[in-house]
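Shown next, in structure tokens, is the structure this report addresses.
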Amino acid sequence: MSDILHPRAHLRLHWRQAKADFWRQWQPCFEQGEDHTRLMITLGTIRSLYWQSLGQGVLAIARTIGNWWRKVAPLHQLGEVVL
């Protein structure tokens with residue numbers, strides 16, 4: 001099986017991209033008053049990746065996402081727990 005098709009590699013790749021998207025979109029939304037739609041979609045993506053990680057038993061990635069979510073909760077204002 002190709003490494004990119006392995007669940008860990010696949011989830012890790014998407015997690016890194018979603019996290020980068022969040023940081024790229026955060027400042028324009030909260031500091032410059034731009035539309036929050038893209039940021040909310042990115043946060044939805046991160047939530048989805050969290051639940052996919054749990055469902056596939058890739059607990060290290062789920063834990064990483066959960067810790068990140070809690071750490072940046074004051075920024076995204078959606079609570080400290082991924083729901």
Side-chain angles (χ1 to χ4, degrees):
M1 176 191 287
S2 170
D3 284 345
I4 195 65
L5 296 178
H6 191 278
R8 274 195 183 100
H10 175 76
L11 290 167
R12 190 175 297 119
L13 174 70
H14 286 291
W15 158 236
R16 288 178 181 157
Q17 183 61 54
K19 185 171 59 168
D21 289 346
F22 173 84
W23 289 115
R24 186 174 34 258
Q25 296 162 4
W26 179 83
Q27 186 176 16
C29 288
F30 286 99
E31 293 184 358
Q32 300 168 6
E34 289 187 15
D35 182 32
H36 288 62
T37 303
R38 292 185 65 84
L39 184 64
M40 292 298 114
I41 290 170
T42 298
L43 287 167
T45 299
I46 292 170
R47 280 180 165 159
S48 175
L49 290 168
Y50 172 80
W51 290 108
Q52 287 178 54
S53 298
L54 283 178
Q56 295 182 29
V58 188
L59 301 181
I61 294 174
R63 194 174 304 113
T64 298
I65 294 170
N67 290 338
W68 176 87
W69 188 274
R70 186 174 18 270
K71 180 180 174 182
V72 299
L75 300 179
H76 60 61
Q77 303 170 3
L78 296 175
E80 292 187 1
V81 178
V82 182
L83 297 175

Quick check against the 3.5 Å criterion: does Trp69 have a side-chain atom that pairs as donor or acceptor with the backbone of Gly79? yes
Would the distance check show the side chain of Ser53 and the main-chain N or O of Leu49 forming a donor-acceptor pair, the cut-off being under 3.5 Å? yes
Decide yes or no on side chain to side chain contact (heavy atoms under 4.5 Å, CB included) for Gln56 and Ile61, but give the supporting numbers first. CA-CA 10 Å; Gln56 295 182 29; Ile61 294 174; over 6 Å; no
To the nearest 0.5 Å, how far apart are [atom1] in [X] and [atom2] in [Y]?
| X | Y | atom1 | atom2 | value |
| --- | --- | --- | --- | --- |
| Leu39 | Trp23 | CG | CH2 | 10.0 Å |
| Cys29 | Met40 | SG | CE | 7.0 Å |
| Ile46 | Leu78 | CD1 | CG | 10.5 Å |

Is Ile41 isolated, or which residues cluster with it under the ILVMFWY side-chain rule of less than 4.5 Å, directly or via members?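 Besides Ile41, the cluster holds no residue at all.
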Please identify each residue that fulfils salt bridge (Lys or Arg N to Asp or Glu O under 4.0 Å) with Arg24, with sequence neighbours left out.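 Result, salt bridge (Lys or Arg N to Asp or Glu O under 4.0 Å) vs Arg24: Asp21.
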Which residues pass the side chain to side chain donor-acceptor pair (under 3.5 Å) test with Thr64, not counting sequence neighbours? none
For Thr42, what residues pass the side chain to side chain donor-acceptor pair (under 3.5 Å) criterion, not counting sequence neighbours? Gln25
Ring pair (Phe, Tyr, Trp, His ring centres under 6.0 Å) contacts in which one or both residues fall within residues 39-66, not counting sequence neighbours: none
Carefully, step by step, assess Trp26 and Val72 under the rule side chain to side chain contact (heavy atoms under 4.5 Å, CB included). CA-CA 11 Å; Trp26 179 83; Val72 299; over 6 Å; no
Go through His10 and Leu13 one step at a time and tell me if the side chain to side chain contact (heavy atoms under 4.5 Å, CB included) criterion holds. CA-CA 5 Å; His10 175 76; Leu13 174 70; 5.7 Å; no
Which residue pairs satisfy the side-chain hydrogen bond (donor to acceptor under 3.5 Å, both in side chains) criterion with at least one member in residues 70-83, sequence neighbours excluded?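 Of all non-adjacent pairs touching residues 70-83, those that pass side-chain hydrogen bond (donor to acceptor under 3.5 Å, both in side chains) are Asn67-Arg70.
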Exercise: identify the closest heavy-atom pair between Gly66 and Val82: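 Distance-wise, the nearest heavy atoms are CA-CG2, 4.3 Å.
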Return yes when atom CZ of Arg47 has more than 12 non-hydrogen atoms of other residues, nucleotides or ligands closer than 6.0 Å, and no otherwise.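 More than 12 heavy atoms, drawn from other residues, nucleotides or ligands, come within 6.0 Å of this atom.
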